[in-house]
4 protein chains.
Amino acid sequence: MRTKDDDKIAALFGATVKLVNEIGFAASSVSKIAKEAKVSPATLYVYYENKEALLVSTYVEIKRELSQVVLRDFDEGRPIRDTLQIVWRNLFEHISNHLDYFRYMEQFSNSPYTDQVDHARLERFFEPLAQVIQRGIAEKIIKDVDRDILKVFIWHPVMVLANPRLCQGFEMTDKNIEDAFTMAWDAIKL
Amino acid sequence: MRTKDDDKIAALFGATVKLVNEIGFAASSVSKIAKEAKVSPATLYVYYENKEALLVSTYVEIKRELSQVVLRDFDEGRPIRDTLQIVWRNLFEHISNHLDYFRYMEQFSNSPYTDQVDHARLERFFEPLAQVIQRGIAEKIIKDVDRDILKVFIWHPVMVLANPRLCQGFEMTDKNIEDAFTMAWDAIKL
Amino acid sequence: MRTKDDDKIAALFGATVKLVNEIGFAASSVSKIAKEAKVSPATLYVYYENKEALLVSTYVEIKRELSQVVLRDFDEGRPIRDTLQIVWRNLFEHISNHLDYFRYMEQFSNSPYTDQVDHARLERFFEPLAQVIQRGIAEKIIKDVDRDILKVFIWHPVMVLANPRLCQGFEMTDKNIEDAFTMAWDAIKL
Amino acid sequence: MRTKDDDKIAALFGATVKLVNEIGFAASSVSKIAKEAKVSPATLYVYYENKEALLVSTYVEIKRELSQVVLRDFDEGRPIRDTLQIVWRNLFEHISNHLDYFRYMEQFSNSPYTDQVDHARLERFFEPLAQVIQRGIAEKIIKDVDRDILKVFIWHPVMVLANPRLCQGFEMTDKNIEDAFTMAWDAIKL
DNA sequence: GATGAATGAGTGTTCATTCAT
DNA sequence: CATGAATGAACACTCATTCAT
């Protein structure tokens, strides 16, 4: 029965994210995740090959969802700065609503499981953004430097600032968000 | 009686960093660390109260060493941009020579053990830098925004770029390092 | 799925009692108990929350069994002395057949785990006996002294005499048992 | 230097008794005892062959002290009942002053180490008492039953009643002590 | 004599995974 | 499909004892 399957997958997804947030990545064992999702540990292996597959799949799903939200109302016609600012605000809003997703992403990124992810596939989720950047460079609006450097200055600040472990005192007020975007833009613009 | 052996502490420090780099934080067990350091697991407990103490101590030591290297030849008399650039280059050099230290710091930062660190004490290692930033703001050279935001734009890029897991294709060439510093400065300068 | 196995519980119970008798309470480790019961140490944790739960449960089970045997054919109509003598003989017989149970009880009683037992619940197993004593006091057949003192004189002698560690030379002959009962009765009767 | 030796032995004796009372027999490790006695674990092995020797020696010393206190003012001329009552009261007083000794004795008695004690030697400490009993039997004042049975009824009740683990609610008031002695005497007298 | 360092063998417990139903 | 039982391997840590000074 299809419905039931999807329920279980959703339950496992939710349980995984919740547990990683509550007790941390290392302490999130298969049996605890199964208990949280109200299924048997054995059932988990019906849907995923092993623990790694569950964790990787959870990560990819979060990234997929993130790309959809962030690229909502994406319109290439607008000036580049405006486009980026809209994306930045979407990103900020999504983080605020789903801090649990972000904390999962961070912990996953720093685990050995990251190596098992098909990063090229993830990049494709955000392809439109990459093209905007590319256009900005061509039009001499954005600095022509290594793409990784650009990415680090545009996107990482939000992630770091949203991480309570790294920025304990920081508050995500509207002003701070706008300040940060201004600085990101100053960094990359020519 | 036998005397306490600095060699053993050094061996444990080295083994901890090496293992975390090779197999990851979560998989670095006490017995594996002990074996790598060529001591008995029981001996480890002569020098550290428990696993946490070893990991925290290793982290603090890395941070201490980093602060010394980075603040080498520190001279407040220079223009702020120059001061930051020198620090940035020191940081870059240190990262290049000790990528393993940086990977340890990252993994540690995303572990539950981070909460056990006396962060205020660590901040003091880098106090001179904080004062330069402060002066820059007072002299209206640097933007007057939340200090955490400033830190994220000045220091985090290097860390992220140096992380092969996050930036697989990135190469730390001289040009890239200078490009990145220029962008960091553009971000924070008024 | 496999079903929970009463055999395993019985095996763990037996192994626990046997080992405590053979090597002592302190030396009876989880892994040794598991090996004796021919299960994996991990399996033990399917049936009991932890070592303490196993030991406590074993103790309670022995006490429950003891109460059933000792109160067999219990009849309040008989004279009090006769009632106590029957119980005394049942107790003696049970001890003879299950010296291992008694040695387990003793060692458990002197362990820190005793504090975790619900003593009130155990007392209820022997409630009918307490009432006989109570009646004896009311009818001025038994001395009206602190209940603990009564218990010590009626029941403890059997336990101590049955303990080979405390009474190495003692033999539980019929005569000795009757002698001891006579003395217990002389002690408590008015 | 003799003085120093005796200090260390006394410190080890005290530390052993204290720790067994505070954390239990099983949890009293060599290193904890050494730390409590403020000596090195290695020093312990200068004075005792091993842990067992320390524990056994501590037990024997407690028994020796006990025999001295209990037989204080011993006078064979008095009526047997009076003699026993005096001893009983001495015993009660000593227990009250040194509950820690008694708890040590109990825990030791239920440990495997008991088997290593030279019980015959201990019996000799209390020889005068055995002879009084013997005389009581010869004079047909005390029941002529197995000596172990007599011992159990005369001496064990105090020990059990003094054990908070076995008799949680019991209070050692003067009345209770006299009640208990009366019952002990009733049990053994002809 | 006295010590703290050092350790192999063990502790109780949890793990990711598979088995039998 | 779904499950709880079952487990070998590993975990962090402590033990009684010995070694080197």
Side-chain angles (χ1 to χ4, degrees), chain A residues 1-2 4-5 7-8 26-35 38-55, chain B residues 1-9 26-34 38-55, chain C residues 1-9 26-34 38-55, chain D residues 1-2 4-5 7-8 26-35 38-55:
Chain A
M1 198 202 315
R2 291 287 300 151
K4 213 166 183 191
D5 290 2
D7 282 358
K8 293 235 165 68
S28 295
S29 68
V30 166
S31 56
K32 285 179 193 158
I33 291 173
K35 182 172 283 178
K38 289 175 184 163
V39 300
S40 159
T43 303
L44 195 152
Y45 287 84
V46 174
Y47 294 93
Y48 297 98
E49 195 192 334
N50 51 27
K51 188 188 183 184
E52 178 178 310
L54 166 67
L55 295 175
Chain B
M1 59 151 198
R2 300 186 198 164
T3 53
K4 223 160 193 165
D5 195 345
D6 281 350
D7 285 358
K8 292 233 165 65
I9 290 191
S28 295
S29 69
V30 166
S31 58
K32 285 178 193 156
I33 292 173
K38 287 174 185 162
V39 299
S40 155
T43 302
L44 193 153
Y45 289 87
V46 172
Y47 293 89
Y48 297 96
E49 197 190 334
N50 49 30
K51 187 189 185 184
E52 177 178 312
L54 167 66
L55 296 175
Chain C
M1 60 151 197
R2 300 185 198 165
T3 54
K4 223 162 191 162
D5 195 345
D6 280 351
D7 287 357
K8 292 233 164 65
I9 289 191
S28 295
S29 69
V30 165
S31 58
K32 286 178 193 156
I33 291 173
K38 288 172 186 164
V39 299
S40 156
T43 304
L44 194 152
Y45 288 85
V46 173
Y47 293 90
Y48 296 98
E49 197 191 334
N50 50 29
K51 188 189 183 184
E52 177 178 311
L54 166 66
L55 296 175
Chain D
M1 203 202 313
R2 292 285 302 151
K4 214 166 182 190
D5 290 2
D7 282 358
K8 293 234 164 70
S28 295
S29 68
V30 165
S31 56
K32 286 178 193 158
I33 292 173
K35 182 174 285 180
K38 289 172 185 165
V39 299
S40 159
T43 304
L44 195 151
Y45 288 83
V46 173
Y47 294 92
Y48 298 98
E49 195 192 335
N50 52 27
K51 188 189 185 184
E52 179 179 307
L54 167 66
L55 296 175

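Protein chains get the first letters and strands the later ones, always in sequence-line order, with residue 1 at the start of each. Values reported hereafter were calculated over all heavy atoms of this structure, with side chains retained and with hydrogens, waters and symmetry mates removed.
Remark: B:Lys8 is not in phosphate contact with E:dA5, judged by side-chain N or O atoms under 4.0 Å from OP1 or OP2. The shortest distance between the side-chain N/O atoms of A:Tyr47 and the OP1/OP2 oxygens of F:dC1 is not below 4.0 Å. Checking the phosphate oxygens (OP1, OP2) of E:dA6, no side-chain nitrogen or oxygen of B:Ser40 falls inside 4.0 Å.
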Treating primed atoms plus P, OP1 and OP2 as sugar-phosphate and everything else as base, which nucleotides of nucleotides 15-21 of chain F get B, S or - for protein heavy atoms under 4.0 Å? BSBBBBB
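For DNA chain F, if you chain together Watson-Crick or G-U pairs that step i with j, i+1 with j-1 and so on, the runs of at least three with distances under 3.5 Å are E:2-21 with F:2-21.
In this structure, CD1 in C:Ile9 is found 10.5 Å from CG in C:Leu44, a value given to the nearest 0.5 Å.
Taking atom CG of C:Leu44 as the reference point, atom P of F:dA6 lies 12 Å away to the nearest angstrom. Regarding B:Ile33, its CD1 atom lies at a distance of 16 Å from the P atom of F:dA10, rounded to whole Å. Rounded to a whole Å, the NZ atom of D:Lys38 is 14 Å from the P atom of E:dG4. Summarising the geometry, the separation between CG on B:Asp7 and P on E:dA5 is reported as 15 Å, rounded to the nearest angstrom. One atom, NZ of A:Lys35, and another, C1' of E:dC15, lie 14 Å apart when rounded to the nearest Å.
For D:Ala53, the side chain to side chain contact (heavy atoms under 4.5 Å, CB included) test picks out D:Tyr48, D:Glu49, D:Asn50, with sequence neighbours left out. Every residue meeting the side chain to side chain contact (heavy atoms under 4.5 Å, CB included) condition with C:Lys8, not counting sequence neighbours, appears here in chain and number order: C:Asp5, C:Val39, C:Thr43, C:Tyr47. Partners of D:Ser31 by side-chain hydrogen bond (donor to acceptor under 3.5 Å, both in side chains), not counting sequence neighbours, listed by chain and number: D:Ser29.
Residue D:Val30 comes nearest to D:Pro41 through the heavy atom pair CG1-CB, 4.5 Å, listed as atom of the first residue, atom of the second, then distance.
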